[in-house]
Structure formats: structure tokens, C-alpha cells
Student: 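Take a look at the following structure, please.
Letters go in sequence order (proteins before strands), and every chain restarts at 1.
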Amino acid sequence: MPLVSIQNLTVALPPSADRPLAVDDVRLEVGRNEIVCIVGESGSGKSLTAHAIMGLLPRGVTAASGRILFDGQDLLQQTPEAMRKRRGRDIAMIFQDPMAALNPVVAIGRQVTEQIRAHRAISEAEALRQAADLLSQMGLKDVDELLKAYPHQLSGGQRQRVMIAMALSLSPQLLIADEPTTALDVTTQAQILKLIKKIQAEREMSVLFITHDFGVVADMADKVAVMRHGRVLENGLVGDVLGKPAHSYTRALIAAVPRGESRLPPPPDARPLVQVSGLTKRFRRGGLFGRGTVTTAVDDVSLTLSRGETLGIVGESGSGKSTLARCMIRLLDPDGGEVLLDGADIAHMKARALRPLRRRIQMVFQDPFSSLNPRQTIGDIITAGPRVYGEEPRQARARAADILRLVGLNPETMNRLPHEFSGGQRQRIGLARALMLKPDVLIADEPVSALDVTVQAQVLQLLDDVRRQMNLAMLFITHDMRVAAQVCHRVMVMRHGKVVESGPTRDIFARPCSDYTKALLAAIPGRQSI
Amino acid sequence: MKPRYIAMRLVKTVLVAIAVVLLSFFLIRLAPGDAATVMAGQAGYADEAYMKSLRVEYGLDQPLPVQLWKYMDTVAHGDLGTSYVLRRPVLSLILERLPNTLLLDAFALVVAAAGGIWLGSIAARRPGSVLDSANTILSMLFYSVPQFWLGMMMMLLFAVWLGWLPPFGIETMGADYTGLARMADVAVHILLPGTTLALYFMASYARLTRTAMIEVADQDFVKTARAKGISERQVARRHILRNALIPLITFAGLQASILVGGNVLVENVFSWPGVGTLAYEAVTSRDNPLLLGIFIVTAILVSLFNLVTDIAYSIADPRVELGR
């Protein structure tokens with residue numbers, strides 16, 4: 001008998017939702033001592049399926065029919081109190097963003113002991129001893145300090161290890177991991193995935209692993225279920241599904257995973273349009289009365305960028321890649337070095353002299369939700385720039401229609417507000433806004449990291465098409481080596497504000513020189529199998 | 001705790017007090033008439049010679065900068081001058097009244113916070129329910145009704161019609177209670193003015209608590225808490241309320257600052273012998289030294305309350321560091 005057997009589970013959404021069912025007649029089994037991955041994009045119902053097992057469906061969302069058998073007992077028929085006792089003890093769960101998942105104002109130790117003491121009658125001191133033990137099993141060091149620390153004092157990797165320690169504190173039979181590495185850096189992700197795999201094998205527990213990333217599936221799963229629109233489309237052993245996907249959507253999902261191989265040849269040598277040399281940016285904290293600390297976010301960075309070329313800046317969080325971009329478009333004033341655009345140094349230009357040049361460098365931002373003013377129509381958003389530069393509103397709107405068509409949107413949507421669009425569409429709007437100013441240089445800061453894989457593939461394709469058509473020089477910032485490989489001619493790897501390595505993408509992937517680049521490449525999930 | 005940071009804040013408090021003296025010294029003199037006019041009026045006659053002798057006596061005949069310099073000099077020596085009307089040192093007048101005001105404030109603050117947080121957390125448990133709507137309506141009502149009117153209605157209801165509570169004052173005149181009996185007497189007297197003040201702020205606490213708790217209840221760490229299998233009560237108390245209370249600290253600090261200068265309206269309605277009634281007397285009798293003294297003491301207390309608020313905040317929320 002499998003540990004978990006979900007039979008014809010249907011989860012209904014409240015009447016106000018855009019669809020009646022979030023999960024539709026799902027059948028799924030998780031055997032003992034195995035890892036089952038549910039893979040799907042946002043809105044596929046994968047997360048709600050997991051929450052239904054936990055008995056933690058959001059308010060207004062209900063399991064309308066079906067059964068969830070756990071060890072032979074139907075969880076949907078249990079009393080709330082019985083479910084509470086099971087949670088944390090028999091079934092534990094870890095979440096996507098460990099920073100948000102830990103209470104910011106409660107010490108780590110207390111958060112771990114709280115769970116232990118909710119289920120076992122032991123003293124706080126004894127629980128703390130157990131917590132310390134668990135944390136060191138998770139590969140954490142200075143455990144006693146850590147128990148007294150607060151979540152914001154830990155790194156992302158440490159926080160997720162704490163979450164895992166907490167989840168394992170009562171040796172549950174089932175661990176549900178809901179996108180546990182999506183918010184982490186690539187190298188940290190690789191470590192956490194390895195850790196989950198190791199403890200699963202050691203403790204012979206069952207893991208239900210939810211992800212959108214087929215690379216992660218390839219590395220983790222024994223079995224995999226592909227979900228879309230609340231239904232399981234395909235279900236089987238990971239080798240079978242990856243090797244011979246039966247459903248066209250599965251094939252599309254697998255195809256959408258960036259290969260991590262460069263398709264683009266290095267561009268022909270051309271006169272650089274942008275030349276950055278010795279760029280440095282420091283941030284000071286404190287000051288006035290205190291001594292303050294100085295962080296060098298960008299440290300002596302040089303690069304060149306030509307028309308028609310895409311340069312990828314790759315690095316993990318805190319590497320200084322976004323600060324570099326912000327200095328290049330003078331959203332920040334650099335402390336040293338120069339940024340030459342067609343020979344003119346825009347790093348030190350006075351605001352008035354800089355203004356006419358600003359339109360030549362445009363940026364597309366990471367978060368398609370917060371980067372568009374929610375109260376302005378799309379038409380107003382994308383014509384604001386040209387109007388500032390004196391373009392006739394009527395002419396700007398006419399041009400806006402062309403640009404919207406270019407980025408694959410219907411020009412008739414111009415009078416709509418941002419919330420009426422999906423994430424991918426909003427990113428197209430962000431791109432249209434930038435293109436309206438006829439820039440020479442386009443800086444894209446993690447433009448696809450908030451998007452689903454299939455949408456991500458479309459937006460990457462669009463960026464590449466636009467670059468080609470408009471002969472743009474593109475600076476593409478990403479934390480994802482696979483994405484960089486797909487769209488960049490050259491790649492520059494950054495760490496702690498410094499350039500670690502740079503060169504043609506093909507060379508970097510084939511023959512990485514620095515240990516850090518090698519580690520980044522090794523951390524790509526599913527590299528061998530996909 | 002950072003002693004260096006706190007020392008700097010105290011220095012800033014002194015600077016604030018000086019700025020307040022400068023500003024109010026001139027602002028007060030913008031109003032037509034001076035103490036001499038008022039005193040002459042009280043005396044019933046006002047010939048030029050008498051007015052002049054009064055002005056000489058109080059130094060009002062000297063140029064403003066000289067008056068200011070003399071005033072600053074006495075203040076620097078810890079003396080806030082002498083009241084024109086009551087003819088007593090300003091500092092001792094204020095210090096006599098301050099404990100009454102602080103007592104009333106503390107009562108209002110505790111009642112408002114405790115009641116508001118309780119109401120707010122009930123409302124947050126079921127947003128949109130009858131209880132929640134009733135709560136919102138009542139909150140809006142107490143928030144929008146003028147305090148003096150509310151005070152008078154409370155007095156009418158509880159003191160005049162029902163006769164349950166004394167209508168005004170801080171204790172029963174002429175009763176000369178001592179010890180516990182006196183405390184009980186004051187406690188009965190504080191109920192009406194204290195509750196009048198509290199109801200206004202309670203509404204804000206209730207609304208803030210409700211909003212903050214609904215917001216926090218949506219956070220991931222609350223989901224984590226439930227996933228751990230801890231009881232709903234603990235989820236609500238340790239995780240939701242604990243985080244929702246943090247923004248209330250700022251509001252409590254603000255409320256303390258608003259109240260510390262004495263609530264002129266409420267104190268007057270209930271004849272509460274606090275700084276508020278004193279300020280009212282000082283304004284109506286153009287008692288400039290007294291008024292200035294009240295301003296200075298209030299400014300210093302507000303600065304200190306702000307400091308305490310910041311320290312409390314950094315204790316409640318470990319992410320906040322003092323001086324950052």
C-alpha cells in the first residue's frame with residue numbers, strides 16, 4: 001500500500017475566482033521511501049494539491065470530492081484537531097521562500113522547539129538540545145549562536161536548512177517540499193537539493209516535491225506527475241516521462257528548459273558602442289554620528305558592448321550585477337570609472353547634459369508586476385517617455401500601436417490597466433515601453449526570472465528577435481546560466497562586485513577557467529539528464 | 001542598547017527644546033495685547049502710568065531680543081521664570097500639575113491600547129462578519145465625534161442621569177482621604193475623563209490591529225506555524241498578534257506625545273487639574289512665562305517619548321537597529 005494515495009481529488013475555488021476548480025479529479029500516489037515530483041506552471045494546481053494533503057487549504061477553498069488516503073486513513077474525513085496533530089508529526093512541509101516562511105521576530109531556536117513541544121511533552125531545554133542536534137545534522141555550523149539568531153541574520157541557504165531541520169524534527173513519514181529552492185541562488189539550490197536527497201535516503205521517508213523546473217525533476221524524482229489546469233496530464237517513472245513524454249504539454253515543458261548550450265556564435269568584431277572601464281560603486285551605511293560601514297558593490301568593472309550583440313552578466317544575489325546596470329544608466333551615481341556611450345562619458349555628466357542621452361539606454365526590469373504603474377493605462381505608460389522628449393501624443397500613440405504589435409500584443413489593449421495582463425504580457429509591455437524611445441542599448445535585468453518556463457522561452461525569443469531587428473546592444477542580467485547560454489554572445493561572470501571571468505559564451509561553457517564558474521555550471525539542475 | 005546613540009538623542013532633545021523656546025517666544029508675541037493689558041483689565045482700571053509700571057516690572061518695556069536673552073539665561077539656569085498671574089515659579093506650577101496629566105494619559109493609553117487590540121483582534125478573526133462591521137462603525141463613530149462633546153455626553157449620562165460617577169475633579173473636595181481610600185477616590189474620578197480620551201484612541205488601535213492582523217495572517221510564516229501543527233490559539237498569539245503589534249508601538253508613542261501636553265479640551269470639560277487646564281488658564285490670561293514653560297516641558301517630554309518609542313521598537317523587532 002502506498003503511503004499517500006490521492007483518489008479523484010477535486011478542489012473548488014470560491015465563486016469569485018476566475019475558474020471553478022483548482023484541482024480537477026487528480027489521482028496520485030506517493031510510495032514509501034520515494035520522491036515524487038509534481039511539475040507544472042503557476043495555476044496548475046500543484047501547490048493546492050499539496051496544501052490539501054496538509055489540511056491547509058486557504059479560506060474559501062475546499063476539497064469538494066475525492067479522498068486522500070494517508071496510511072489507509074482518509075485525511076479529508078479527519079477532525080481539525082486530528083489533522084493538527086498529524087501536521088508536523090506525520091506530514092511536514094517546507095516552503096518556497098524561507099525568509100518569508102520564518103517568523104521574523106522569533107529566534108530560530110524558539111521556532112524549532114515550538115514544533116517539537118507542540119507534539120511532545122518535553123522541557124524547553126531538552127527541545128533546544130534536540131534542535132541543536134537537528135541543525136548540525138543539516139550541515140549548519142555554530143549551532144548555539146544560530147539558535148539565538150533571528151531569520152534576517154542568516155543566509156538564504158541557512159534559512160532553508162533551518163526550515164528542513166524544523167520539518168524533520170519529529171521524523172515525519174512524508175515531507176512536502178513546495179518549490180523549496182526557487183528563491184535560492186543556483187549554488188545554494190544545488191546544496192539544498194543534495195541535502196533533501198541525502199536525508200530522504202537516510203531516513204527512508206517519502207517526499208512530495210513540487211517544482212516548475214524540469215531540471216530539478218531530473219535530479220530529484222523517482223516518479224513525476226505533470227499537472228496543468230488542475231489536472232494530471234501524465235504520471236510515471238522519471239526516466240519514462242523525460243525520455244518518452246506522452247503528452248504534448250510535457251514535451252513543450254521539457255523543450256522550454258534552456259539547454260545550457262550556446263546557440264549563438266560570437267558576434268563579428270565591431271566598434272564598441274558602450275565602453276565601461278574601472279566602474280566602482282560603494283554604499284555607505286550609518287554615518288553622521290556613527291562610523292558607518294562601506295560596501296563595495298561594484299569593484300573596478302570594465303566591459304564593452306557593440307551593436308547587435310548581447311552580453312550576459314551572470315552572478316548570484318549580491319554579486320553587484322544589478323548595481324552595475326543601475327550605474328550604467330545613471331539611476332545610481334558611480335564612485336569611480338567611466339561609462340562611455342559613443343565616446344561621451346555619461347558617468348560624470350551633469351543632469352542637464354545627460355537628459356537627451358537617457359533615451360538611448362533603456363531598461364527592462366525583473367518584476368513585471370511592480371515595474372508598471374497600476375493606475376496608468378498601457379498606452380499612457382508606454383507613451384510617457386516619448387512625450388517627455390516632445391513627441392506629439394497622437395503620433396506617439398500611433399507608434400505605440402506598432403511597437404505593441406512588435407512585442408506580440410494587441411494594440412487595442414492600449415486603454416487597459418496593467419492588472420488585466422498576465423506576467424508574460426506585462427513583461428512585453430515593459431519591453432514595449434523601453435523600445436518606444438528607440439534606444440541603442442537595452443539593459444534587461446532578470447527579465448524572465450519571474451515567469452513560467454514556457455512563457456520564459458517566449459520572452460527570451462522575443463528579446464532576441466527585437467535585438468536583431470533593431471540592431472540593439474543588449475546587456476542581459478541573469479542568475480541563471482542556462483538562460484544566459486540561450487541568448488548571450490558573450491558572458492561575464494560576477495561575484496562580490498568583481499568580474500570573475502568573461503568571454504564568448506561557448507568558451508565559458510566548454511572551458512570555464514575559474515572555480516566559481518565551474519561551480520555555477522555544476523549547480524545547473526538536470527544538466528546530465530536533460 | 002547603544003549608549004552613544006542614546007546620548008546623541010538626548011543632545012538632540014536639548015536642541016529641540018531651544019528651538020521650541022525661540023519659535024514660541026516670538027509666536028506668542030504675535031498675538032495682540034500683553035500681560036499688562038490683561039492684568040489691568042483684571043484690576044478694573046488701566047491708566048497709562050499703571051500699565052507702564054506693570055510693563056517695567058515684568059521687563060515688557062525692553063526690546064524683544066533683550067527679553068529673549070534674559071529669558072534664555074534664566075531657563076539655562078533651570079528656572080522657567082515666574083507666572084505673571086499666579087505669581088509663583090512656573091516650574092513648580094507645572095510639576096504640580098504634570099503627575100495628574102501623566103496619570104490621566106497612562107490610564108487612557110492603557111485602556112485604549114488594551115481595548116483596541118482586543119476589539120481589533122476579534123474583528124480580524126472574521127473579516128466582513130457582523131462583529132467586524134459593528135466594530136468598524138463604532139470605531140468610526142468614536143473617532144469622528146468631537147472629544148469635548150463626547151465628554152459632556154458621558155458626564156450627562158454617568159454623572160447626572162445615572163449618578164454613578166463624579167462629574168469632575170480628581171478627588172472628592174474636602175473629603176481628605178488618605179492611603180487606599182484616596183487611591184480609590186482618584187480611580188473613580190479618572191473613569192470619565194480617562195475613558196473619554198481612551199475611546200478616541202481605542203478606535204484607532206482597533207482599526208490598526210485589525211488591518212495589521214489580517215495582513216500578517218496572510219504571511220507565509222503563519223502557514224509555516226500551522227504546518228508545524230501548533231494550536232490555532234498559539235498561531236494567533238505567538239505569530240499573528242506578536243507581529244501585528246509592532247506597528248502599534250509607533251502609534252502608542254504618537255498617542256503619548258499628543259497627550260503629554262495635556263488634553264486642553266477633555267481636562268477642561270472635567271476640570272481635571274492637569275497641564276491642559278493650566279495651559280488654558282495661561283492662554284486666556286496671557287501668562288507668557290507659564291505658557292512658554294509648558295511648551296518647553298512638553299517638547300522635552302515628547303522628545304523623550306520618541307526615544308522610548310524607538311528603543312521599544314528595536315526591542316520588539318530584531319530587524320530594526322537603533323541609529324540605522
Student: Answer yes or no: are there more than 12 heavy-atom neighbours, outside A:Asp142 itself, under 6.0 Å from its atom CG?
Tutor: no
Student: Of all the residues in residues 206-228 of chain B, which have a heavy atom that comes within less than 4.5 Å of a heavy atom in chain A?
Tutor: B:Asp220, B:Phe221, B:Lys223, B:Thr224, B:Arg226, B:Ala227, B:Lys228
Student: Side chains of B:His239 and A:Gln111 only: does a donor on one sit below 3.5 Å from an acceptor on the other?
Tutor: no
Student: Between A:Arg117 and chain B, with a heavy-atom cut-off of 4.5 Å, which part of the residue counts as in contact: side chain, backbone, both or neither?
Tutor: neither
Student: At a heavy-atom distance under 4.5 Å, which candidate from B:Glu232, B:Arg238, B:Arg242 has the highest pair count against chain A?
Tutor: B:Arg238
Student: Below 4.5 Å from any heavy atom of chain B, which atoms of A:Arg110 appear? Answer side chain, backbone, both or neither.
Tutor: side chain
Student: Should the heavy atoms of other residues, nucleotides or ligands under 6.0 Å from OH of B:Tyr143 be counted, would the total exceed 12?
Tutor: no
Student: If you tally heavy-atom pairs under 4.5 Å against chain B, which of A:Ala100, A:Gly88, A:Ala118 wins?
Tutor: A:Ala100
Student: So do the side chains of B:Ile230 and A:Gln115 get within less than 4.5 Å of each other, counting heavy atoms only?
Tutor: no
Student: Examine whether an atom of A:Arg84 lies under 4.5 Å from a heavy atom of chain B, and if so say whether it belongs to the side chain, the backbone or both; otherwise answer neither.
Tutor: both
Student: Using non-hydrogen atoms and a 4.5 Å limit, figure out which bit of A:Met166 sits close to chain B: side chain, backbone, both or neither.
Tutor: side chain
Student: For each of A:Met54, A:Met93, A:His119, tally heavy-atom pairs with chain B at distances under 4.5 Å, and name the one with the top tally.
Tutor: A:His119
Student: With a 4.5 Å limit on heavy-atom distance, are the side chains of B:Asn243 and A:Pro104 in contact?
Tutor: yes
Student: Between A:Leu102 and chain B, with a heavy-atom cut-off of 4.5 Å, which part of the residue counts as in contact: side chain, backbone, both or neither?
Tutor: backbone
Student: For chain B, which of A:Arg86, A:His51, A:Glu114 has the most heavy-atom pairs under 4.5 Å?
Tutor: A:Glu114
